[in-house]
Each structure stands twice: as C-alpha cells, then as structure tokens.
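Data first, discussion second: the structure below is written as structure tokens.
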Amino acid sequence: MRRARLRQRLRRADLGAVPRARRALRELMRCEVPGRPLDGEVLETAELLTTELVTNALVHTGRGAVLKVTVTGRRLRVEVRDFVRHRPSCLSGDRMADDDATGGRGMLLVATLADAWGIRGHALGKSVWFELACGTAGQVRA
C-alpha cells in the first residue's frame, strides 16, 4: 500500500508555523491523489484540526513540536508531538470555555470532527493525533 508522509519541525513560539503546516498538508494531499479532486470538506476539516493541534503545541507548551502527517489508502493521520509532560485539559465539563471566551474549544473541535483521535504519552512529552477518512469529491466519507 502506498504511503505519503510529511514530517515538519515546529520552532518554539513560531506561530508562522501554523500557516506553513496548513500549506504543507494541502500540498501532501494534492500529491497523494493526483488527478482526483479531494473532498473539500475533508481537506477543510484536516486544515482546521491541524491548525488546532499545532497552535496548542506551540502556545501551551512554550517549546517546539514535530508535525507528522501520514496518508495511507483512504486514511489521513495527523500527529503533533510536543516535549512537555502535561496532557491537555479537554472535554472535561468543569473546563469548558465560557461563551465569551476566545479560546478553550480546540480539543472539543478535534473530538467532534475527527473520525478518531487520541493522546499518546512518551518518556518526554506526548503526541496528540487525529484521523480522517479521506474520500475523493463525490464520495461519502466512511
């Protein structure tokens, strides 16, 4: 099975890394399915969720991170590894953002829109990942 990959280092406090990560994701997806238009909704969702994970890693850890994207067949997996032990405080009823808050909903978006997602601990740090089924235009996501 053919596998497309992207690996990108993200420097600490470099919020310019967010649009670069989105561009790299789009380019990978374009190359992975040449001649077949990718479902626009899937690409938009992938960009949004990638933005959330990259931003969280850079803003909430104060350190660099590593973005890994893998496309295998009809699955897209995006993983952002940081080097801080604490896990995101997400999806806990007492930690939900106030209606007026400008942040605090990123992981809720990931949990709601991804087909699968999770957090994997490492000896130093963690990886937060999500997966999407990536059909081509006109196909229903499975």
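Quick note: numbers below take in every heavy atom, side chains included, and nothing from hydrogens, waters or symmetry partners. Numbering of residues begins at 1 and proceeds along the displayed sequence.
- Judged by distance alone, the side chain of Asp82 and the main-chain N or O of Ala57 form no donor-acceptor pair under 3.5 Å.
- Closest heavy-atom contact between Ala46 and Leu76: CB-CD2, 3.5 Å.
- Here the closest non-hydrogen pair linking Leu67 and Ala21 is CD2-CB, 3.6 Å.
- Taking every heavy atom of both residues into account, Ala114 and Leu132 meet most closely at CA-CD2, 3.8 Å.
- Atom OG1 of Thr70 is separated from atom CD of Glu79 by 7.5 Å, given to the nearest 0.5 angstrom.
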Please evaluate residues Val80 and Asn56 with respect to the criterion side-chain contact (heavy atoms from CB on, under 4.5 Å), reporting the C-alpha separation (whole Å), side-chain torsions for both, the decisive distance (0.1 Å), and the verdict.
CA-CA 9 Å; Val80 177; Asn56 284 350; over 6 Å; no

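- In this structure, Gly106 and Glu52 approach most closely via the heavy-atom pair CA-OE1, 3.2 Å.
- Taking CG from Leu25 and CZ from Arg20, the interatomic distance works out to 15.0 Å, rounded to the nearest 0.5 Å.
- For the pair Lys126 and Val84, the tightest heavy-atom approach, listed with the atom from each and the gap, is NZ-O, 3.0 Å.
- Here the straight-line distance linking atom CZ of Arg23 with atom CD of Glu47 works out to 10.5 Å at 0.5 Å rounding.
- Cluster annotation: Val66 and Val59 are assigned to distinct hydrophobic clusters (Ile/Leu/Val/Met/Phe/Trp/Tyr, side-chain heavy-atom contacts under 4.5 Å, transitive).
- Note: Leu43 CG to Arg26 CZ = 7.0 Å, rounded to the nearest 0.5 Å.
- Linking Ile, Leu, Val, Met, Phe, Trp and Tyr residues whenever their side-chain heavy atoms come within less than 4.5 Å places Leu10 and Leu28 in a single cluster.
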task: Verify side-chain contact (heavy atoms from CB on, under 4.5 Å) between Asp115 and Arg75, making sure each step is shown before the conclusion.
output: CA-CA 10 Å; Asp115 293 324; Arg75 294 296 286 175; 3.9 Å; yes

_For Val69 and Arg7: C-alpha separation, side-chain torsions, deciding distance, then whether side-chain contact (heavy atoms from CB on, under 4.5 Å) applies._
CA-CA 7 Å; Val69 180; Arg7 182 179 170 96; over 6 Å; no

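- The heavy-atom pair separating Thr51 from Thr55 by the smallest distance is O-OG1, 2.7 Å.
- Under the 4.5 Å side-chain heavy-atom criterion for grouping Ile, Leu, Val, Met, Phe, Trp and Tyr, Val18 is connected to Val110 within one hydrophobic cluster.
- A cation-pi arrangement, defined by a distance under 6.0 Å to the six-membered ring centre and an angle within 45 degrees of its axis, is present between Arg77 and Trp129.
- Separating the CG atom in Leu109 from the CZ atom in Phe130 is a distance of 11.5 Å, to the nearest 0.5 Å.
- With rounding to the nearest 0.5 angstrom, the CG atom of Leu124 is 6.5 Å from the CZ atom of Arg81.
- In this structure, Val71 is a member of the same hydrophobic cluster as Trp117, with clusters built from ILVMFWY side-chain heavy atoms closer than 4.5 Å.
- Using a 4.5 Å cut-off between side-chain heavy atoms of Ile, Leu, Val, Met, Phe, Trp and Tyr, with links allowed through other members, Val128 and Phe83 fall into different hydrophobic clusters.
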